[in-house]
Amino acid sequence: MYILVTGSTSGRFRVQELDSAGAATGLDRRLTTPEFLALVRERDHDVVRWVWADTARIYPVVLRGNARVARCHDLRLCHVILRNSALTGGSVLANAPASRWDAPTAAAAEPAAAGATLFEMDLGAAEYDGVGHDGAGALPDDALAEFQAQLMAIRTCSDPGRLRLLLAAESVGALIAAEMQFAGLPWRSAIHDSLLTAELGPRVAAGSRPARLEELAARIRADLGDPSVNPDSPPELLKALNRAGLGVASTRAWELEKLDHPVIEPLLRYKKLSRLLAANGWYWMESWIINDRFHPEYLPGGVVTGRWATRGGGALQLPKQIRGAVVADPGWSFVVADAAQLEPRILAALSADTAMAAAGRGTDLYAGIVASGVVETRAHAKVAMLGAMYGATSGESGRLLPRLARAYPRALALTETAARAGERGDVVSTRLGRSSPRPGSGWQDDQARASEAGATTADERRARSQARDWGRFTRNFIVQGSAAEWALCWMAEIRKGLTALSAPAEDTGAAVQGRTTRGEFEVAPHLVFFLHDEVIVHTPAALADDVARIVTEAAGAAGRLLFGDFPVDFPLTCVVVDSYADAK
DNA sequence: CCGGGAGGCGCG
DNA sequence: AAAGCGCGCCTCCCGG
C-alpha cells in the first residue's frame, strides 16, 4: 500500500492512495497541513509506504507537526539510482530524456538566518515539487507517472530484490537525515568557547588574531628573519622558508615535519591553531549552534558512491580537538558506535573470500591477518589492505600487496577486476546495484586520441594515466559504495529498534501553536550523528544499555541483509559516554 | 568587485 | 608532491 503525497504552494497537500502495483485506487484528496498531519498519524500504523518527491523538503513539515513516518519512497533519490544502475539499463526510465527529476537538488534554507530558530524556519514544504499552483503556469503533476516508471524499472530488472532493498535503504536514510537535522547534535557552546580560549587565548574581533596566534606569528617572523611574512599566505611563507635555507617545495605540514629548524615547531602549531580558528572557531559556533544543538544539513546520496555528504557546517569533518563540546543532556548519555575495519570486511564478503572473512572473525581484522602469518605487523596489514582497496602501486603498500594477493586471492581479484573495468571505461556496481558513473567526454576523447594512428607518446602516456586514475576510482567505488549500503541498513535497523524500544510513548496531538518543540526527540532515544561507519545515539541514561544492544544487533542484521549467510562478522566498538571526546 | 582555482587540512 | 579512494570548506590570489 502506497500513499502518494504531492505538495502545493498554497499549503495544501494532495494525497492519493495507490495499490501495491502503484495504480491509483481513486482515493484522492486535498488536505490542509493539519489534516495531512492527522492522516500521517492515523495511517502510518498500517503497512504504508509514503511516496513523495523529496524527503528533505516535505518531512520537516511532518517532524515539526510532532509526527514521524516509518517508511517512505523518495522519488528524487530513487530516480538517480535507477537512472544510473546497470541493473535497470534497459528500462524506459533509464532511456528517457533527462527531466526535472534529473535536476540537482535545490539548496535548502539558510540555517541560522536572521534570528530565526530552526523550528520557526520555513524548511520549504511549500512548492517542494513545484506542483499544485491552482492557476496558470503550474508544472505538470508527474509524480505518479514517475513512481510508476520506477516500479516498472524495478520489476523488469535482473535482480529486483537487491534494488528494492537499496531503494528502501536510501529512502529510510533520507528520513533519518531529516530527523537528525531536526533533533540536532547536543553541543555545549560554553564548553566549545572554553576549549577555544584555552587553545587560542580570549576571543577577539573577527579579522584579528587571538593572542596565541599573534605570539606564534611573531616567533615565526623572528625565526625566519623576515619581519613581514604572513604565515597565512602559502606563497609568502614558501619564499621565506626558501630564503632561510629550507629546501621545501610546499608548505604542507607533512613536508615541514621532516625538517630540522627552529621555525618548524611554532609554524606547525600556528597552522594547527589557525585551522581550528578558521574552521571551528567562534564564528562557526555562532553560525551553526542554536540552543546548544548543531543542526547540519545531511545530503543522502550526496557522494557518487552512495555515501552521504553535508552542506554547511562541515559536519563530517568535526576535528577531534573540539569533540569535547559534544556532551549529552543531564540525565542522558551517548551511545557511540563505530564499525571496526568496515571496508575490508565488506570486501571479504563481496568477494566471498572465506579466508579473509575468517581472519576477521571475533577479532580485529588486521590482527587476524597478522595471526595468519601474511604480514608481520598490524600496521603492515592495514596499509596493505588500504592499498588493495585504493589501488596503491608503490611504496610500502605496493610492496606488501603480493603477499596479500597470495593469502586472499578472491578478494584481490575482485578489486583488480573492478580496476580493469574502470580502465576500459566500463561501469561497476555495488552489492545492491548502485552503479558508477561513466567517465566524462574528455576522458573518452583522450582514450580515442591515444589509439589513433598519429598519437604521440605524450598522448599515450596521458591516456594511460587517466585510465589508471579511473580504474582506481572504480576499484574503490564497489567497496566504498557497498560499505555505504551496509551503513544505511545498519542505521535503518537501529532506527527500527529504537522505535520499538519507545513505542508505548504514543503522542496525542500537534505541537502547540507558536511553541517550538522537538517532540519525541525530547523524551526518547534517537540518532543524532552519522559519519560513514559511525553513529551516535542520544538516549536517556537508563536506556543506554538497551540502546547499545540494539546498535550491536543491528550491525549483524545489516550484514545478513547484504550478504545473507556468508560468514562475515561486523563487530563494533560501542561505548556509553557523556562526551563524544571520551569515545576513542 | 566577484568567481573560481590552488593550496591546504579536517574527516572516513 | 603523498604512495592510494571519497568528500567540504577555509584563505589566498589571480583573472575577468
Side-chain angles (χ1 to χ4, degrees), chain A residues 206-207 209 213 229-239 247-258 267-268 270-281 283-284 287-288 296-323 338-344 346-347 382-401 415 418-419 422 428 430 434 436-437 465 468-484 486-487 529-535 580 584:
Chain A
R209 285 197 182 99
L213 278 179
V229 66
N230 174 10
D232 293 322
S233 165
E236 276 186 46
L237 188 58
L238 186 58
K239 274 182 225 147
V248 279
S250 81
T251 67
R252 290 162 149 82
W254 65 265
E255 194 164 1
L256 298 177
E257 278 162 13
K258 296 185 288 199
L267 182 52
L268 291 175
Y270 182 92
K271 280 172 160 285
K272 195 84 182 160
L273 291 180
S274 68
R275 165 82 191 186
L276 173 64
L277 176 65
N280 298 100
Y283 180 74
W284 179 92
S287 305
W288 296 103
E297 182 187 2
Y298 295 95
L299 303 176
V303 178
V304 283
T305 58
R307 274 187 174 183
W308 291 11
T310 57
R311 180 158 47 203
L316 302 185
Q317 303 135 259
L318 292 179
K320 297 205 161 79
Q321 271 172 307
I322 56 162
R323 293 185 179 181
D338 151 353
Q341 307 96 40
L342 177 59
E343 292 196 349
I346 292 289
L347 173 58
K382 183 173 179 175
V383 77
M385 275 303 316
L386 292 177
M389 294 184 297
Y390 294 165
T393 54
S394 62
E396 186 165 55
S397 184
R399 281 198 303 280
L400 292 166
L401 275 177
T415 60
V428 298
T430 60
R434 191 187 309 259
S436 62
S465 159
R468 276 198 286 261
D469 287 349
W470 198 260
R472 283 195 302 277
F473 166 65
T474 53
R475 170 198 297 271
N476 186 249
F477 182 96
I478 54 167
V479 179
Q480 186 184 122
S482 299
W486 180 91
F529 193 62
F530 170 55
L531 184 56
H532 307 316
D533 60 359
E534 174 179 345
V535 298
Y580 189 21
K584 52 181 174 189

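Naming convention: chains lettered A, B, ... in sequence-line order (proteins, then strands); numbering from 1 in each chain. The model shown is predicted, which means the values in this text are computed figures rather than measured ones.
Residue Trp254(A) places its side chain closer to dA2(C) than to any other of dA2(C), dG6(C), dG7(B). Checking dC9(B), dT11(C), dA3(C) against every side-chain atom of Ala253(A), the shortest atom distance belongs to dC9(B). The side chain of Ser250(A) lies closest to dG8(B), out of dG8(B), dG4(C), dC11(B). Between dG4(C), dG12(B), dC5(C), one nucleotide has an atom nearer to the side chain of Ser394(A) than all others, and that is dG4(C). Taking only side-chain atoms of Asp533(A), from C-beta outward, the nucleotide of dT11(C), dG12(B), dG8(B) with the closest atom is dG12(B). With distances taken from any side-chain atom of Pro234(A) to the nucleotides dG6(C), dC13(C), dG8(B), the minimum falls on dG8(B). In the set dC7(C), dC13(C), dG12(B), dG12(B) carries the atom at the smallest distance from any side-chain atom of Gln480(A).
Residue Arg472(A) is in sugar-phosphate contact alone, with no base atom involved, counting any heavy-atom pair closer than 4.0 Å across all strands shown. Nucleic acid contact class of Ala278(A) (heavy atoms, under 4.0 Å, all strands): sugar-phosphate only. Nucleic acid contact for Gly313(A): sugar-phosphate only, since backbone atoms but no base atoms lie under 4.0 Å from a heavy atom of the residue. No contact: Arg468(A) has no heavy atom under 4.0 Å from any strand. At the heavy-atom level, Leu342(A) lies nowhere under 4.0 Å from the strands shown. Residue contacts shown for Val383(A) include a base, since a base heavy atom lies under 4.0 Å away. Within 4.0 Å of Gly398(A), counting heavy atoms only, lies no atom of the nucleic acid at all. Note on Leu531(A): only backbone sugar-phosphate atoms sit closer than 4.0 angstrom, heavy atoms only; bases stay farther off. Backbone-only engagement by Gly314(A) is indicated by non-hydrogen atom pairs under 4.0 Å involving sugar-phosphate atoms exclusively.
Taking the C1' atoms as reference points, dA2(C) lies 16 Å from dG6(C), given to the whole Å. Comparing the P positions of dG12(B) and dG4(C) gives a spacing of 22 Å, expressed to the nearest Å. Between dA3(C) and dG4(B), the two P atoms lie 28 Å apart (nearest whole Å).
For the pair Glu343(A) and Arg307(A), the salt-bridge criterion is met [side-chain N within less than 4.0 Å of a carboxylate O]. Between Glu534(A) and Lys584(A) there is a salt bridge, with a side-chain nitrogen of the basic residue lying less than 4.0 Å from a carboxylate oxygen of the acidic one.
Rounded to an integer number of Å, the gap from Arg311(A) CZ to dG8(C) C1' is 12 Å. The separation between Leu237(A) atom CG and dC12(C) atom P is 13 Å, rounded to whole Å.
Considering only heavy atoms from C-beta on, Leu299(A) stays 4.5 Å or farther from Thr310(A) through its side chain. Counting heavy atoms from C-beta on, the side chains of Leu237(A) and Leu267(A) come closer than 4.5 Å. Put simply, the side chain of Asp533(A) does not reach to within 4.5 Å of the side chain of Trp486(A), judged on heavy atoms.
Using modelled atom types and a 3.5 Å distance limit, the side chains of Arg209(A) and Tyr270(A) yield a donor-acceptor pair.
Contact detail for Gly422(A) and Trp470(A): the closest heavy-atom pair is O-CD1, 3.2 Å.
Close to dG8(B), at under 4.0 Å from its OP1 or OP2, lies no side-chain N or O of Lys271(A). In this structure, Arg252(A) reaches the dG8(B) phosphate: one of its side-chain N or O atoms is under 4.0 Å from OP1 or OP2. Residue Ser274(A) places none of its side-chain N or O atoms closer than 4.0 Å to OP1 or OP2 of dC10(C). Taking 4.0 angstrom as the limit, Lys320(A) places a side-chain polar atom (N or O) nearer than this to OP1 or OP2 of dG12(B). Contact annotation: Ser233(A) side-chain N/O to dC13(C) OP1/OP2 distance is under 4.0 Å.
Residue-to-nucleotide contacts include a donor-acceptor pair under 3.5 Å from the side chain of Gln317(A) to the base of dG8(C). Side chain Arg275(A) to base dC9(B): a donor-acceptor pair is found below 3.5 Å.
Nearer to the 5' terminus of DNA chain C, by closest-nucleotide assignment, is the contact made by Ser397(A) (compared with the other of Ser397(A) and Ala309(A)). The 5' end of DNA chain C is approached more closely, in terms of each residue's nearest nucleotide, by His532(A) than by the other of Ala315(A) and His532(A).
dC1(B) and dG16(C) make up a base pair, with Watson-Crick or G-U wobble contacts both under 3.5 Å.
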